[in-house]
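I have placed the structure first, in the form of structure tokens, so that the comments after it can refer back to it.
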Amino acid sequence: MTPSSSLLSQAPKTMRDSAGFISRQESTRELSNPQALLSRVDELSILFRLTDRLYRAQSLDEVYEAALDAILGTLDCGRASVLLFDRSGTMRFVAWRGLSDIYRTTLEGHSPWKAGDERAAPIFVEDIRDTQESELVKTTIESEGIRALAFIPLVSKGGVIGKFMVYYSRPKQFIDHEADLAITIARQVGFAIERARAEEARQLAEENLRESQERFRTMLEHAPVMIWISGPQGECIHLNKALRSFWAVEEAAVAAFDWRCTMHPDDAPQIGKLMMNALATQTQVTIRGRYANASGEYRVLVTEATPRFTMSGEFQGMIGVNVDVTDRERADKALRDSEARFRLAVEAAPSGMVLSDQSGRIVLANAHAEHLFGYDHGELVGKPVEALVPKQFQIAHPAFRRDYKTQPTARPMGVGRDLTAQRKDGSEIPVEIGLSPIEAAEGLMVLTAVVDISERKRADLQRNLLLAELDHRVKNTLAVVQGIAHQTFKGTNASAGARSAFEGRLVALANAHNLLTNSSWSSALLSEIAADALQAKAMNRLRVTLDGPQILLKPKEALSLAMALHELSTNALKYGALSNDMGRVTVTWETTSGSPSRLRIKWQEQDGPAVRPPKSRGFGSNLIEMTIVQDLDGTVELDFQREGLICTVEVPITTGQLR
Amino acid sequence: MHLKYGGPKGDFVQTASASIGTATILVAEDEVLIRFMTAEDLRRAGYTVLEAGNAADALTLLRSNTPVDLLLTDIRMPGSMDGAELASVARELWPAMKIIVLSAYPPQPPTPEIVDGFIAKPYDPRLFLTRIKELLKR
């Protein structure tokens, strides 16, 4: 008995399930009617075509179409559909004939089985009205003009994957033969769906693989690093664009290209040894070496090579990446050299040098600094800079550091203040400190130069003591001279005025000494010299106007100008603008540009007694001329105007105007 | 009102309105030429002037019950005591007596507890006498 004749002989065995559906089990019966025999021949023919079409189907859609054709051709139903479980386990229409959208939409998901059920049997509904289905289902089915229908499970690998349905517009008694046909078609279709799905999966996998390989090839070709593939013996199989460009090798010439000839002769033995070992042991290797590029320039390449194997584990050669580290190594070396030079410069500096990082930690200190602060070699590194700050300032110091970061410029620290630093033993030393910001990869660093000024302080103190002693002696000598003059004048006919003039000059000289002593005999301010000459004589200060920039005078300039201004003020007190109650004296000065610059002082008297030019030159005039013209190489102009004396003094000065 | 001091600490007599020119001034100065000049300037102005060539002599004079209104002393003088020490001792013993330092040292801010003024050497005689007069008026 052939399978098909066996199917044809199946007899119906009806069972009704709890929902009112009828399940039919196979039974056999004989065919004796010739018409029926012909009909069976047609069915076999349709089944044969189904088998053939399913065998040739290239897609699931072709499977569905063949299935629907066979169902409609053999089961005389007029309408049919194929439904499959989707990934979520919902039964969905995948192909149909003669069904409305509303019907499919409403009943999609309706299934008597769950995906994967292993004991699913066909279900035949002779009249939907006789079932216990919901009214919605019944109404939907009847509205579609369907009264009878059958659920035929599609099985793959022992579990339900879907079903096909046949629909009849009238109630129908299903016979065993129809059930046999349906099951036969379902078996074929289930198998075909399984096969088509597997084929589609295979094609998808192949497509994915092709795309993956294409992507890999594209990445390989256009990667910004040099990539190569070799055979088991190290022979060149592939060079990507970057590597071909490095060696100027055409793509077609890659197989014949011998990269070994580009190796630097000094590096070739080591490179060869490492690469041969990696090939022999089929292991990963990293090689650094110099290779000549297309221009003949040796570049340093770091090669990372990894063995390649087939799926079965057969060694196929190596795949490697070459990275040109020439520029990086040069930059690293330049940086190292720069750092080494910096360290040498710091170490050789004649003062203590301390480099601190953003957090205020000391990262470098030269031997001078270690000695200065009493630390052993290397002991300062890692300590906070506050370790070098006197205790009373340690808490506030981090805030000073933060302030410095907001305006990091090279500048001295604590201008105008006496700075001290703390040594390891807690003692303090007077210092001068210079700060310099250094921009580094780690952030802003600060280079601090520290100079121990203990010796300078001692020297300054000593010098000041000597100056004070000298000043004392000079002025004591002047006082003795004053005493001698006093005794001398006493025995002569000299007037009291003569003694007074003499003593006044001595006092003016002593006062100028005082001003110079205050600045350790470095300089004196013209404004103070002038004020001393005029205002210190207890004159009405409102009658004296001094106006000019702050000019620093060297000692010789200060003494000479003090004497000249003293003579002018003495003259004004005796005969000029200050000899009455109304007169005024205005002293103005300015500097002119040039080298050396010149100082011009204008003495102008007003509202004093009417001035008459002197008939002869007195000692005062001579003294002014001697000090200004001869001592200072300047000029003096005395203009005895009726309204008041105008004296213009112009001298070269070597110091200058304070800003 | 004018105070005259004739003895150690607190031992003083009050005299009625002694004129400025009649005050007694002790000049302690080792440089004889300067001391002569200063003493003469003061005498010409009407003061009674006592002279001492060092601090020890000045202290002896002060302790001799000679009434002194003003001690005018140099700082640097020979002997075991200098002018600064003399001023301190004098201030301690005769707290109301005026004391002026007359020195060639750079002028220092006066220390009111010890001295009442400072006059730099060499001095302007006119300004010098004005300062003396003003101090004795206080």
Side-chain angles (χ1 to χ4, degrees), chain A residues 464-491 495-521 524 528 532-539 566 569-570 573-574, chain B residues 25 27-47 49 51-55 72-79 82-84 100-110 117-135 137:
Chain A
N464 289 339
L465 284 172
L466 287 172
L467 274 174
E469 179 63 22
L470 178 64
D471 185 66
H472 173 261
R473 291 187 182 192
V474 166
K475 281 190 283 184
N476 213 47
T477 301
L478 290 175
V480 171
V481 169
Q482 186 181 19
I484 292 170
H486 175 77
Q487 295 301 322
T488 306
F489 282 124
K490 196 168 68 174
S495 65
R499 183 200 163 192
S500 176
F502 178 77
E503 287 176 331
R505 287 171 183 133
L506 278 184
V507 172
L509 196 60
N511 288 343
H513 268 253
N514 277 343
L515 292 174
L516 288 165
T517 302
N518 289 342
S519 67
S520 303
W521 273 81
E528 291 184 350
D532 209 64
L534 277 159
Q535 295 173 337
K537 290 179 169 53
M539 291 180 286
H566 167 77
S569 63
T570 302
L573 273 169
K574 278 185 175 178
Chain B
I25 300 173
V27 177
E29 166 65 64
D30 62 318
E31 285 286 354
V32 66
L33 285 170
I34 299 172
R35 193 172 74 239
F36 282 0
M37 175 183 68
T38 304
E40 197 162 305
D41 284 340
L42 291 169
R43 285 191 186 104
R44 267 192 207 154
Y47 297 106
V49 180
E51 297 179 42
N54 54 53
L72 193 63
T73 179
D74 187 13
I75 291 289
R76 187 183 289 186
M77 289 186 289
D82 65 7
I100 283 184
V101 167
L102 180 66
S103 174
Y105 272 118
Q108 302 292 325
F118 177 91
I119 294 175
K121 290 193 290 190
Y123 58 79
D124 181 322
R126 189 171 57 86
L127 295 177
F128 169 72
L129 290 173
T130 302
R131 289 282 305 278
I132 299 293
K133 189 177 174 182
E134 284 174 352
L135 183 65
K137 265 186 188 173

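A, B, ... follow the sequence lines: proteins, then strands. Residue 1 opens every chain.
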**Fill in**
When rounded to the nearest 0.5 Å, the distance separating CD1 of Ile34(B) from NE2 of His486(A) is 12.0 Å
**Item:** All side chain to side chain donor-acceptor pair (under 3.5 Å) counterparts of Arg473(A), not counting sequence neighbours
**Value:** Glu469(A)
**Fill in**
Okay, Gln482(A) and chain B: the region with an atom under 4.5 Å from a heavy atom over there is both
**Message:** Return the CG to CD distance between Asp41(B) and Glu503(A), rounded to the nearest 0.5 Å.
**Reply:** 6.5 Å
**Item:** Reported CG-to-CG distance for the pair Asn511(A) and Asp124(B), which is rounded to 0.5 angstrom
**Value:** 9.0 Å
**Message:** So, taking the atom named CD in Glu31(B) and the one named OG1 in Thr477(A), what distance separates them when rounded to the nearest 0.5 Å?
**Reply:** 8.0 Å
**Glu51(B): salt bridge (charged side-chain N to carboxylate O under 4.0 Å, His left out) partners, not counting sequence neighbours** = Arg35(B), Arg43(B)
**Complete:** Correct closest heavy-atom pair for Ala510(A) and Pro122(B) would be CB-CD, 3.5 Å
